[in-house]
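See below for the structure under consideration.
Only this structure's heavy atoms are used, side chains among them; waters, hydrogens and symmetry mates stay out. Quick note on labels: first sequence line is chain A, next is B, and so on, each numbered from 1.
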Number of protein chains: 2
Amino acid sequence: MTSFTNSEAYQVIWHIRRLFRLLAARSDEHISDLGVTSADRAVLEFLYPEHAFTVPELAVRYRVTRQHVQVTVNRLLKRGLVEQRPNPRHLRSKLIRLTSRGRKLFETILGRDQEAVTALFGGLPAGCVETTHNTLRTLLERLEGDPQ
Amino acid sequence: MTSFTNSEAYQVIWHIRRLFRLLAARSDEHISDLGVTSADRAVLEFLYPEHAFTVPELAVRYRVTRQHVQVTVNRLLKRGLVEQRPNPRHLRSKLIRLTSRGRKLFETILGRDQEAVTALFGGLPAGCVETTHNTLRTLLERLEGDPQ
DNA sequence: GAATAATGACAATCTAATTGTCATATTAGG
DNA sequence: CCTAATATGACAATTAGATTGTCATTATTC
C-alpha cells in the first residue's frame, strides 16, 4: 500500500511539464549567443565528456528519429564541434565524439547552467534535492526501460 | 551551507528535460484518439474543473503568447469543449470556461493519465513522492515568480 | 553470394509556437 | 465627458524542432 495520493503523483508529472517549458526558455536565453540550438545541445550533452556514439545510437538514446539527429550532427560536424572516428563495429557508420572545441563549448554551457542551477536550488534542504534526484532517476529508468 | 552538490542539482534539471520528452510522447499516445493536441490539453488543464480565465490571462499563466492561446481557444470553442461567459471586469474579453462536455473529456484524459501515473509511481516510497512534489513545486514557484 | 537490414541524404510535411500587423473596442486620465 | 493610450481578437508569415517517406548505397546475416 503506497500512501501517496494519485493526485500527488499526477502533480509531479504536471510540474515536470511546466518546469520543462520554463527551463527551456531560460536555458535558451543562456546559450543562444553561442549559436547552439537545443537540439545541438542535447547531442553535445550525450557526447560529453568522452562518449562516442553513431548517429542511430544517439537517436535511440535521445528518442528521436535518426534523420533528425543526422541533420543536427551534420551541422555540428560542419562547425567542428564534433568529429567522426572509425567504428570497429560498423564500417560505414562512424562514431561521433566531441572535438576539444566542442568539449570546451559544452563546458561553457555547463558552467552557465550551473550558475543558474545554483541560484535556483539555493536554500533547499540537501535531503530534498537528493530525494528528488533519486525519484526522478527512478521514473526515468522506468520510462526508458519500457519504451512502450 | 547546502550540502547537495551542484552536479546533483544539475541532474535534477537534466532529468526533468528527459522526463518531459518521454512523458510527452507517452501522453500524446494516450490522448491522440480524442483529437486533443497538447496545446488543447494545456488549456483544458488550466480551466479544469471550474476555472474561468480570459485568453490573455491564460496566455500569462501558460507563458505563451496570447495569439497562440487565442487560436487554441477558438478551436476548443468550435468543438464545444469550452464556452464564453460574460466578464464582469471586461466587456469585450470574455471569460473562457469548460463546458460539461469539455469537463467530461478532460476527466477521460485525467483518468487515462492516472492509470499510467499509478503504474509509473507504483512501489515508490510515499515520502519520496511527497518530497519530490514539494521540491518541484518550489522550483516552479521560483521560476514563475521570477519571470526573468 | 544473395537477401535483408542499416545508413546517410534529401524532401515534404507537421505542430507548437513566435513575431508582426490591423481594426476595433475598452479603459483610464485629464 | 472626451480623448489618448491600451487591450483584444483576428489574421498572416515565419521559425524551430521534429516527423514521415523515399532512395541509393553499403553492410551484415543466412
### Message
When you compare the side chain of B:Gln84 with that of B:Leu95, does any pair of heavy atoms fall below 4.5 Å?
### Response
no
### Message
Should the side chain of B:Gln67 and the base of D:dG9 be counted as holding a donor-acceptor pair, with the cut-off at 3.5 Å?
### Response
no
### Side-chain heavy-atom pair B:Arg66, B:Val60 within 4.5 angstrom cut-off
no
### B:Arg103 and B:Glu107: CA distance, side-chain angles, deciding distance, salt bridge (charged side-chain N to carboxylate O under 4.0 Å, His left out) verdict
CA-CA 6 Å; B:Arg103 201 170 303 113; B:Glu107 275 156 8; 5.8 Å; no
### Task
Please work out if A:Thr37 contacts a base, only the sugar-phosphate, or nothing of the nucleic acid, heavy-atom cut-off 4.0 Å.
sugar-phosphate
### Task
Please state whether the phosphate of D:dA16, meaning OP1 or OP2, lies under 4.0 angstrom from any side-chain nitrogen or oxygen of A:Ser38.
no
### Task
Send over the distance from A:Phe53 CZ to C:dA6 C1', rounded to a whole Å.
19 Å
### Query
Considering heavy-atom distances to DNA chain D, does A:Arg75 or B:Thr54 have its closest nucleotide positioned more toward the 5' end?
B:Thr54
### Query
Under 4.0 Å between a side-chain N/O of B:Ser93 and OP1 or OP2 of C:dT26, yes or no?
no
### Query
Nearest-Å distance, NE2 (A:His68) to P (D:dG21)?
18 Å
### Task
Would you indicate whether the side-chain heavy atoms of A:Ile16 and A:Leu136 approach each other to under 4.5 Å?
yes
### Message
Just so I know, are the side chains of A:Asn87 and A:Lys94 near enough to count as touching, which here means a heavy-atom distance under 4.5 Å?
### Response
no
### A:Asn134 and A:Thr131: side chain donor to acceptor below 3.5 Å
no
Protein-nucleic acid N or O pairs under 3.5 Å, nucleotides 27-30 of chain D:
| unit_1 | atom_1 | unit_2 | atom_2 | d |
| --- | --- | --- | --- | --- |
| D:dT28 | OP1 | A:Arg89 | O | 3.2 |

### Message
Taking any heavy-atom pair under 4.0 Å as a contact, classify B:Val55: base, sugar-phosphate, or nothing.
### Response
sugar-phosphate
### Query
Which whole-number value in Å describes the distance from B:Arg66 CZ to C:dT21 C1'?
11 Å
### Gap between atoms CD and C1', on A:Gln84 and C:dA9 respectively (whole Å)
13 Å
### Distance, rounded to the nearest Å, where B:Leu58 contributes CG and D:dA7 contributes C1'
16 Å
### Task
Find out whether A:Ile109 and A:Arg41 are in side-chain contact, i.e. whether some heavy atom of one side chain is under 4.5 Å from a heavy atom of the other.
yes
## Note on the structure
With the side chain defined as heavy atoms from C-beta on, B:Thr65 is closest, among C:dG8, C:dT19, C:dA9, to C:dT19
#### Entry: Short side-chain N/O contact from A:Tyr62 to OP1 or OP2 of D:dA18, under 4.0 Å
yes
### Task
May I have the distance from A:Gln70 (atom CD) to D:dT19 (atom P), rounded to whole angstrom?
14 Å
### Message
Nearest whole Å is fine: how far is D:dG9 P from B:Glu57 CD?
### Response
10 Å
### Query
Is there a side-chain polar atom (N or O) of B:Asn74 under 4.0 Å from OP1 or OP2 of D:dA10?
yes
